[in-house]
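For reference, the structure discussed in these notes is given below.
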Amino acid sequence: MTQQRTLVGGSGQPPVGLATSAGHVLQLLRSNAAGYSRAELLDITGMARSTLYERLDALFAAGLVYESTPIHAQRGRPPRALRFDDRNKLVLGIDIGHTHAGIHLLSLSREIEASALLPIDIVQSQEDVAGQVIKESLRLLDGRQPVGAGVGLPAPVDPLHRLGLERTVLAHWDLQRLQEVMESRLDCPVLLENDVRSMAVGEVREPLESLVAVKVSTGVGSGIIVGGALVRGAHGAAGDIGHVRVPEAAGRRCRCGRDGCLAAVASGRALLADPKLSGYGTLRQLVDACGSDPAVRSAVAEAGRVLGRALAATVGTLNPGRIAIGGLVGVLPDFLRACRRQILDDAFEPSLVDLEIVPADSRTATAIGLCRLVEESLYAPERVEQLLVQRAG
Ligand SMILES: [Zn+2]
């Protein structure tokens, strides 16, 4: 695998309008879906006409820019807008969970064109899980070639592969190997990211928004966006709130090997292991019984309350404008209500002003977030420059 094929996720930063490489001209065009005319580009960038036209020629030749027909015909010849060519470019968004992998084929405009839900068991070997996921992805592609793929994983993901996975659900996985195998089989660059961080990116509505996304399914995790930028942390473990110790979990064993983790109380795995809730073989069965079994309802509400305690600290630290909670357990009204009440009880009032606490669609948000991360990485200015140099050589 060459270095150029390795994707490292983008930062979500707005474009730098004054930089003048071809990569930066493309970044400017990507920032505005309506595109810009040549005159506007000259005006915005301050570039010499000959330099700009040279950059545009290279971008046209690489299939990265196209000239759109004006919508309203005017007298004379109206200027044509130049746009980032996102047409016919497909991205795979692969969300690997503990028991299922959601595989989605998206356009770069974030339309989901096809989806499949594949039953998996994350504790199987990496080769088994990757093999099944690749097979289903190729079936969904049906001969079409994606420009890139994003894979969301239920563990901390360090973009530089320095962080060990020993105490996570992916204990025996080798992410560098996973990336190489998937790039080779899918024949496109592959980006790996934590699943809930990808979901947080998919939840962003405003360019400079601050939000926290939380997923409560078999496990529990969060993703943090501050001022529009995804927070990965020093080693890719940002948002891994499942292993924060909470008093309610005292004496309860977590799958990480420690006692007292949030995940030992506020997760689907903890609910399934609760001796008061016997007879539920799968998390789906337990969740479906929330409306009819008072014991499930009360345990789900208690799990929501404990998560709310942990999230109140996050609210006090980051002052997000929105908390979006998804996952099989997270979207249950009893869970969400108890979680919201506890956040409002525990957090300091100034950090609660205008705070929205809402259910998230973790399925589509994760796929959309992965698609956005792949796009940002594929078309980052320095990567576009590399591509153009390769083409010229
Ligand atoms: Zn733990």
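Because only heavy atoms are used, hydrogens play no part in the values below, and waters and symmetry mates are left out as well, while side chains stay in. Start at 1 with the first residue, then count along the sequence. Every number for a ligand or one of its atoms is a count from 1 in the order of the listing.
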Exercise for the section: Using modelled atom types only, decide if a donor and an acceptor are shared between the side chain of Q179 and the backbone of V190 within a distance under 3.5 Å. Expected result: yes
Practice task
Begin with the C-alpha distance, continue with both residues' side-chain angles, and end with the deciding distance and a verdict on side chain to side chain contact (heavy atoms under 4.5 Å, CB included) for L90 and E113.
Solution key: CA-CA 9 Å; L90 293 170; E113 304 205 346; 3.6 Å; yes
Practice task
Begin with the C-alpha distance, continue with both residues' side-chain angles, and end with the deciding distance and a verdict on side chain to side chain contact (heavy atoms under 4.5 Å, CB included) for L153 and V151.
Solution key: CA-CA 6 Å; L153 294 162; V151 182; 4.1 Å; yes
Practice task
Report yes or no: is the cationic atom of R30 (NZ for Lys, CZ for Arg) under 6.0 Å from the centre of the six-membered ring of Y379, at an angle within 45° of the ring normal?
Solution key: no
Exercise for the section: Could you note down all residue pairs passing salt bridge (Lys or Arg N to Asp or Glu O under 4.0 Å) where residues 99-112 supplies at least one of them, sequence neighbours left out? Expected result: R110-E375
Practice task
Answer yes or no: are there more than 12 heavy-atom neighbours, outside R177 itself, under 6.0 Å from its atom CZ?
Solution key: no
Exercise for the section: Could you pull out the N/O/S protein atoms under 2.8 Å of the Zn ion (ligand 1), ignoring any water? Expected result: H243 ND1, C254 SG, C256 SG, C261 SG
